[in-house]
Amino acid sequence: MATSTTLPVLRHLKIVKWLNPLLAGMMRGIFWLKSQAAYLNLRWRRRILPSEARTLAQQYFTLECLRQSQGFNFVIRKPA
């Protein structure tokens, strides 16, 4: 009986397996849009120089991609 309950789960994973790259790409696209919004926020509201704002937005994008790939299982510590 245990095999009949696990079989649909395994079949489901095989069907959804091809969607993983698509979902990851969509999430990275959302992260990229958020990083562009962060850049604009840094430039207009905080009055930060373009080069520094670009660097911070790129670091934000990299951080979000790492968090997504690692499953959000780590803590970010700011330097003192």
Side-chain angles (χ1 to χ4, degrees):
M1 273 312 195
T3 338
S4 63
T5 58
T6 58
L7 185 58
V9 173
L10 295 175
R11 190 177 303 137
H12 175 71
L13 289 175
K14 288 181 182 179
I15 292 172
V16 176
K17 192 174 186 177
W18 64 273
L19 284 175
N20 287 341
L22 180 65
L23 293 175
M26 288 173 52
M27 289 180 71
R28 285 180 187 240
I30 290 170
F31 296 151
W32 183 81
L33 288 174
K34 285 174 64 178
S35 72
Q36 296 303 309
Y39 171 80
L40 293 175
N41 182 35
L42 290 168
R43 286 287 295 136
W44 290 342
R45 289 195 180 175
R46 295 191 185 179
R47 309 275 188 226
I48 294 179
L49 295 173
S51 59
E52 187 179 352
R54 190 178 310 115
T55 303
L56 291 173
Q58 181 62 36
Q59 288 175 353
Y60 174 76
F61 175 74
T62 305
L63 175 71
E64 287 298 318
C65 288
L66 286 172
R67 289 181 68 197
Q68 183 265 335
S69 67
Q70 293 298 320
F72 302 95
N73 288 331
F74 65 91
V75 177
I76 301 165
R77 299 188 200 286
K78 292 186 177 181

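None of the values given here were measured: they were computed from a predicted structure. All heavy atoms count here, side chains included; hydrogens, waters and symmetry mates do not. We number each residue from 1, following the sequence as shown.
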Worksheet item: Backbone N or O of W44 within a donor-acceptor pair of the R47 side chain at under 3.5 Å?
Response: yes

Worksheet item: Residues sharing I48's hydrophobic cluster, by side-chain heavy-atom contacts under 4.5 Å among ILVMFWY, directly or via others?
Response: L42, L56

Fill in: Distance, nearest 0.5 Å, that separates OG of S35 from CG of L40
10.0 Å

Worksheet item: Which heavy atom of E64 sits nearest a heavy atom of F31, and at what distance?
Response: O-CE1, 3.6 Å

Practice prompt. Answer with yes or no whether the hydrophobic clustering places Y60 together with W32; edges join I, L, V, M, F, W, Y residues whose side-chain heavy atoms lie under 4.5 Å apart.
Written response: no

Worksheet, complete the sentence: Rounded to the nearest 0.5 angstrom, the CZ-CD distance for R54 and Q36 is 10.0 Å

Worksheet item: Excluding sequence neighbours, so at least two apart, what forms side chain to side chain donor-acceptor pair (under 3.5 Å) with Y39?
Response: none

Discussion item. Between F61 and I30, is there shared hydrophobic-cluster membership here, with clusters defined by ILVMFWY side-chain heavy atoms closer than 4.5 Å?
Written reply: no

